There are 2 protein chains.
Amino acid sequence: MATKCENCPLRRRDLFVQFTEPEIRFMQKFKAGELIVDPGTPLLMEGSNSPQLFTALHGMGLRYKTLENGSRQVINFVFPGDFIGLQAGIMGEMQHSVEATTRMTLCVFDRSEFWNFFRNHPDRAFDITWMAAVEEHFLGEALASLGQRSALEAVAWSLCRIFLRGQALGMVDRGTMPLPFKQQDMADALGLSLVHTNKTLAKLRERQLASWSDGILQVNDVEPLAELALCSSEPPVKRPIM
Amino acid sequence: MATKCENCPLRRRDLFVQFTEPEIRFMQKFKAGELIVDPGTPLLMEGSNSPQLFTALHGMGLRYKTLENGSRQVINFVFPGDFIGLQAGIMGEMQHSVEATTRMTLCVFDRSEFWNFFRNHPDRAFDITWMAAVEEHFLGEALASLGQRSALEAVAWSLCRIFLRGQALGMVDRGTMPLPFKQQDMADALGLSLVHTNKTLAKLRERQLASWSDGILQVNDVEPLAELALCSSEPPVKRPIM
DNA sequence: CGGGCTATTGACCATAGTCAACACAGGTGG
DNA sequence: CCACCTGTGTTGACTATGGTCAATAGCCCG
């Protein structure tokens with residue numbers, strides 16, 4: 001039933017580094033199974049000590065933290081190829097929650113094998129550290145968005161990053177890609193109110209820079225969007241896949 | 001001249017996990033030298049491909065990114081024990097800059113040996129990944145600060161984190177510790193204007209929660225500060241040292 | 001048909017940004 | 001020795017970006 005690693009549909013995408021045959025066979029052994037979840041299902045909870053780690057194969061999700069006053073900070077959006085649970089694997093406990101936004105298919109790995117894996121396969125261990133470093137980089141950029149960009153710039157930045165990621169994943173078709181989140185999700189990601197996020201999205205639509213409605217993001221030309229967003233329009237770096 | 005790892009003054013602090021004798025001897029081999037820099041010296045530049053990695057032994061610094069519009073986002077403050085250059089070691093290129101705020105003493109490591117190190121010492125490789133995961137955790141919290149906390153809460157959060165870190169490092173003496181940054185640095189860290197940061201600090205002083213002036217931070221009781229900051233007043237987790 | 005969820009819009013408000021002036025300390029040069 | 005400059009911190013007055021509240025519309029689903 002489960003997808004074989006050798007047939008993994010993700011591996012072929014531009015976004016990912018290509019594996020050698022032995023690497024694929026090894027990952028296959030490490031893979032414990034496959035999980036399909038419905039929209040809204042929590043995958044990992046902040047403070048939990050999950051026995052399982054995942055790689056998103058299909059579908060999208062959200063990482064977020066909840067503060068003591070009840071407000072929610074969305075850390076980022078989960079796309080296919082993302083590794084979920086690194087903190088649980090390394091630190092023993094998640095520092096944020098992850099939940100499925102759409103129906104998702106996930107590769108499942110056993111946390112109990114994680115240390116063995118890390119010890120016996122230094123190149124894969126390196127890949128894991130690499131992913132952690134990339135995540136750190138992303139969070140640094142996000143920090144700069146919340147701290148230094150205006151609402152318009154921040155929303156543009158967010159859509160720009162998402163669109164470039166979508167392109168690298170082959171999800172973009174004639175300038176459009178699915179983006180099945182709610183405006184509230186983006187508001188919580190950027191530290192804006194829902195109302196202001198809505199008005200800002202309207203402004204981008206008006207200026208013909210980006211249009212996001214009914215779960216579809218349309219960007220005709222990334223360049224002017226990236227320019228407003230004060231960010232690069234380069235495709236994201238190739239990443240390993242777990 | 002250089003400090004011997006076995007005599008390293010940091011290792012004994014509460015903040016750090018204790019090493020075994022062989023581990024210490026091994027780190028000693030990996031250590032290429034010691035560097036002393038004056039205040040204001042850039043250690044690593046965004047986009048650079050430094051041949052050297054560092055551990056801060058003494059003194060404090062800043063990590064920051066500069067946006068295309070010239071504004072600066074301070075990512076975090078560098079304290080003794082922090083590893084500097086992980087991104088360069090892993091991704092080949094720094095995504096932010098690091099500079100010394102005070103005079104600093106740094107352990108220097110050779111980046112060219114990094115991969116060997118990683119391959120041959122899985123437990124230390126694990127430690128490096130652990131540090132990356134902790135950094136990711138910290139950035140998630142910072143994101144929540146900029147996104148969800150008011151200016152007063154954000155400044156309180158920042159001072160609270162710093163103070164707890166200072167305690168774990170044994171830098172706190174009768175409720176005070178050195179904090180040699182400028183208000184502008186904190187403003188750039190929290191995405192606030194200098195003026196508003198100043199007024200917010202005054203408010204905390206007025207309320208007797210925390211007082212930071214002349215490079216000295218004074219906190220008589222962390223609890224009420226942590227409560228306002230919506231964060232825990234637990235000491236930071238023990239970390240490995242490189 | 002009615003209830004719940006999301007998106008949209010307008011009116012009003014508040015937090016935080018901008019501008020400007022001043023204080024104070026340390027350093028430099030006449 | 002003092003005048004002057006620069007960098008940092010402080011304060012007040014005014015402004016604006018973005019938050020809050022509220023009403024409405026559209027949609028899906030029981």
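All values reported here derive from a predicted model rather than from experimental measurement. Chain letters run A, B, ... following the sequence lines, proteins first and then strands; every chain starts at 1.
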**Study point:** Donor/acceptor link under 3.5 angstrom from B:Lys199 side chain onto base of D:dG12
**Key:** yes

Review point. Just checking B:Gly191: base, sugar-phosphate only, or nothing, at a heavy-atom cut-off of under 4.0 Å?
Key: sugar-phosphate

Practice item. Figure out the NZ/P separation between B:Lys203 and D:dT10, and round it to whole Å. Key: 15 Å

Point to revise | Closest heavy-atom pair and its distance - A:Leu228, A:Ala156 | key: CD2-CB, 4.0 Å

**Study point:** Between C:dG17 (P) and B:Gln183 (CD): distance, integer Å
**Key:** 14 Å

Point to revise | Whole-Å distance separating the CZ atom of A:Arg149 from the P atom of C:dG17 | key: 17 Å

Exercise for review: Select one nucleotide: of C:dT18, D:dG19, C:dT6, the one nearest the side-chain heavy atoms of A:Lys182.
Suggested key: C:dT6

Review point. If every non-hydrogen atom of B:Ser158 is compared with every non-hydrogen atom of B:Phe77, which pair is closest and at what distance?
Key: OG-CE1, 4.3 Å

Point to revise | Atom pair CD (B:Glu93) and CD (B:Gln95), whose distance is rounded to the nearest 0.5 Å | key: 6.0 Å

Review point. Given atom CD of A:Gln184 and atom P of D:dT20, what is their separation to the nearest angstrom?
Key: 11 Å

Revision key, fill the gap. B:Asp188 atom CG is separated from C:dG17 atom C1', nearest whole Å, by 14 Å

**Study point:** Result of checking A:Ile84, A:Val78, A:Leu57 against A:Leu106 for side-chain contact (heavy atoms from CB on, under 4.5 Å)
**Key:** A:Ile84

Review point. Taking CD from A:Gln148 and C1' from D:dG18, how many angstroms apart are they, rounded to a whole number?
Key: 17 Å

**Study point:** Value in whole Å for how far the P atom of C:dA7 lies from CD1 of A:Ile216
**Key:** 13 Å

Review point. Do any side-chain nitrogens or oxygens of A:Arg205 fall under 4.0 Å of OP1 or OP2 in C:dT8?
Key: yes

Study note, to complete from the structure: Quick tally for nucleotides 24-30 of chain D: nucleotides whose base has a protein heavy atom under 4.0 Å get B, sugar-phosphate-only ones S, the rest -, giving -------

Check your understanding: For D:dG9, does OP1 or OP2 lie under 4.0 Å from any side-chain N or O of B:Asn198?
Key -> no

Check your understanding: What orientation do B:Phe181 and B:Phe79 show, parallel under 30°, tilted 30 to 60°, or perpendicular over 60°?
Key -> perpendicular

**Study point:** Among C:dT18, C:dG10, D:dG19, the one nearest A:Val195 by side-chain distance
**Key:** C:dG10

Exercise for review: Name the nucleic acid region contacted by B:Leu192, choosing base, sugar-phosphate or nothing; use a 4.0 angstrom heavy-atom cut-off, strictly under.
Suggested key: sugar-phosphate

Exercise for review: Name the nucleic acid region contacted by A:Ser150, choosing base, sugar-phosphate or nothing; use a 4.0 angstrom heavy-atom cut-off, strictly under.
Suggested key: sugar-phosphate

Practice item. Could you give me the CA-CA distance, side-chain angles and deciding distance for B:Thr197 and B:Gln183, then say whether side chain to side chain donor-acceptor pair (under 3.5 Å) is met? Key: CA-CA 7 Å; B:Thr197 303; B:Gln183 293 186 354; over 6 Å; no

Study note, to complete from the structure: What one should report as the nearest heavy-atom pair of B:Leu15 and B:Arg165 is CD2-NE, 3.2 Å

Point to revise | Whole-Å gap separating P (D:dT10) and CD (B:Glu206) | key: 13 Å

